[in-house]
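Just so it is clear, the structure is predicted and the values come from calculations on it, not from any experiment.
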Amino acid sequence: MPTLSFHNPTGSEFPGEETPRGAAVRTNGPVLPLRVFLVEDSAILRDRLVEMFAAWENVEMAGHAETEAAADAALRTQNWDVLILDLQLLHGTGLGVLATLRTHRKPGTTVMVLTNYAIPSYRARSLELGADYFFDKASDFEKIKDVFTRLGELRKAARQNR
């Protein structure tokens, strides 16, 4: 059975089209950059992602964490739009981050799980806990750009429709 990469309970390809979660943020000025918070304990992958985001238009890093506790504390206080979350962390798990995030997640944010452990039970649990996307690091890495492109388009359209 093939692994599905995208999930959205509304059935649309991207979040935000039929649900407030992941919806574009309206501003009075130019389109604001998507602020990314990264929860990843691999310094090599974290650096690769930061380099990738630096090359993209309207994307900026809001911060990063390597452990469940650090992620929970930062996600409560940092201003972020997109969370990219690994499941296996230095201490704790991404599932623990998702579980606590349910109590304080801001509307209009997007959560992407990016993991080497893309097994059906982790996928199901991640989506149950509120992840919008579930990606396999080995095969779905490039799909992150597609999501960011679509989120940027939604922001731009919301700005134009204001």
Side-chain angles (χ1 to χ4, degrees), residues 3-9 14-16 20-25 31-152 154-155:
T3 302
L4 300 176
S5 301
F6 293 106
H7 166 75
N8 186 10
F14 294 95
R21 181 189 283 175
V25 174
V31 176
L32 297 173
L34 289 167
R35 295 163 304 228
V36 178
F37 194 90
L38 181 59
V39 180
E40 172 62 60
D41 61 346
S42 166
I44 292 170
L45 183 56
R46 195 171 52 245
D47 290 347
R48 179 179 174 199
L49 287 166
V50 168
E51 283 180 23
M52 183 174 73
F53 298 144
W56 294 354
E57 187 176 326
N58 292 323
V59 176
E60 66 182 35
M61 288 300 300
H64 76 273
E66 296 179 349
T67 68
E68 183 178 328
D72 182 50
L75 291 170
R76 289 176 187 273
T77 61
Q78 296 290 325
N79 195 5
W80 57 274
D81 302 306
V82 179
L83 169 63
I84 298 180
L85 177 64
D86 189 8
L87 292 181
Q88 301 298 320
L89 302 173
L90 191 59
H91 297 287
T93 69
L95 293 175
V97 172
L98 283 171
T100 58
L101 185 61
R102 293 176 92 173
T103 66
H104 60 87
R105 182 173 174 181
K106 295 175 186 168
T109 57
T110 300
V111 176
M112 290 183 234
V113 171
L114 180 64
T115 184
N116 283 321
Y117 300 93
I119 59 175
S121 60
Y122 282 154
R123 176 182 309 277
R125 185 67 177 142
S126 295
L127 299 176
E128 178 183 304
L129 291 171
D132 299 298
Y133 299 94
F134 187 96
F135 296 123
D136 183 334
K137 285 180 183 176
S139 62
D140 296 331
F141 199 81
E142 71 285 349
K143 292 179 182 176
I144 295 170
K145 176 66 172 175
D146 296 335
V147 173
F148 274 84
T149 299
R150 185 62 177 145
L151 292 173
L154 289 170
R155 279 184 171 220

Side-chain ion pair, Lys137 and Glu40, N-O less than 4.0 Å: yes

State whether Arg123 and Asp140 are salt-bridged, where the test is any N-O pair (Lys NZ or Arg NE/NH1/NH2 against Asp/Glu carboxylate O) under 4.0 Å. no

Check: [Y] and [X] side chains under 4.5 Å, non-hydrogen atoms:
X: Asp132; Y: Val147; result: no
X: Asn79; Y: Lys106; result: yes
X: Tyr122; Y: Thr93; result: no
X: Gln88; Y: Asp41; result: no

Considering all heavy atoms, the nearest [X]-[Y] contact:
X: Val39; Y: Ala71; value: CG2-CB, 3.7 Å
X: Val113; Y: Ala131; value: CG2-CB, 3.8 Å
X: Phe37; Y: Trp80; value: CB-CB, 4.0 Å
X: Arg46; Y: Leu38; value: CG-CD2, 3.4 Å
X: Arg105; Y: Gly130; value: NH1-O, 2.7 Å
X: Glu68; Y: Gly92; value: OE1-CA, 3.3 Å

For the atom pair [atom1] ([X]) and [atom2] ([Y]), what is the distance rounded to the nearest 0.5 Å?
X: Tyr117; Y: Asp86; atom1: OH; atom2: CG; value: 8.0 Å
X: Phe134; Y: Ile119; atom1: CZ; atom2: CD1; value: 8.0 Å
X: Leu98; Y: Leu129; atom1: CG; atom2: CG; value: 5.5 Å
X: Glu128; Y: Arg102; atom1: CD; atom2: CZ; value: 6.5 Å
X: Leu114; Y: Leu49; atom1: CG; atom2: CG; value: 6.5 Å

Going by side chain to side chain contact (heavy atoms under 4.5 Å, CB included), name the residues that satisfy it together with Thr67, two or more places apart in sequence or in a different chain.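 Listed in chain order: Ala69, Ala70, Leu90, His91.
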
Worked verdict on Met52 versus Phe141 for side chain to side chain contact (heavy atoms under 4.5 Å, CB included): CA-CA 11 Å; Met52 183 174 73; Phe141 199 81; 3.8 Å; yes

With Leu151 as reference, evaluate Asp146, Val59, Thr110 under the side-chain contact (heavy atoms from CB on, under 4.5 Å) test and give the passing residue. Thr110

Count the heavy atoms of every other residue, nucleotide or ligand shown that sit under 6.0 Å from CD of Glu57, and state whether that count exceeds 12. no

Residues which pass salt bridge (charged side-chain N to carboxylate O under 4.0 Å, His left out) with Arg76, listed by chain and number, not counting sequence neighbours: Asp72

What verdict does the side chain to side chain contact (heavy atoms under 4.5 Å, CB included) test give for Met112 and Val82, after you've listed the backbone C-alpha separation in whole Å, the side-chain angles of each residue and the deciding distance to 0.1 Å? CA-CA 7 Å; Met112 290 183 234; Val82 179; 3.4 Å; yes

Worked verdict on Leu101 versus Thr109 for side chain to side chain contact (heavy atoms under 4.5 Å, CB included): CA-CA 11 Å; Leu101 185 61; Thr109 57; over 6 Å; no

For a side chain to side chain contact (heavy atoms under 4.5 Å, CB included) check, start with the C-alpha distance between Leu34 and Arg155, then their side-chain angles and the critical distance, and finish with the verdict. CA-CA 9 Å; Leu34 289 167; Arg155 279 184 171 220; 3.2 Å; yes

For the pair Trp56 and Phe53, name the ring-plane relationship: parallel under 30°, tilted 30 to 60°, perpendicular over 60°.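 Perpendicular.
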
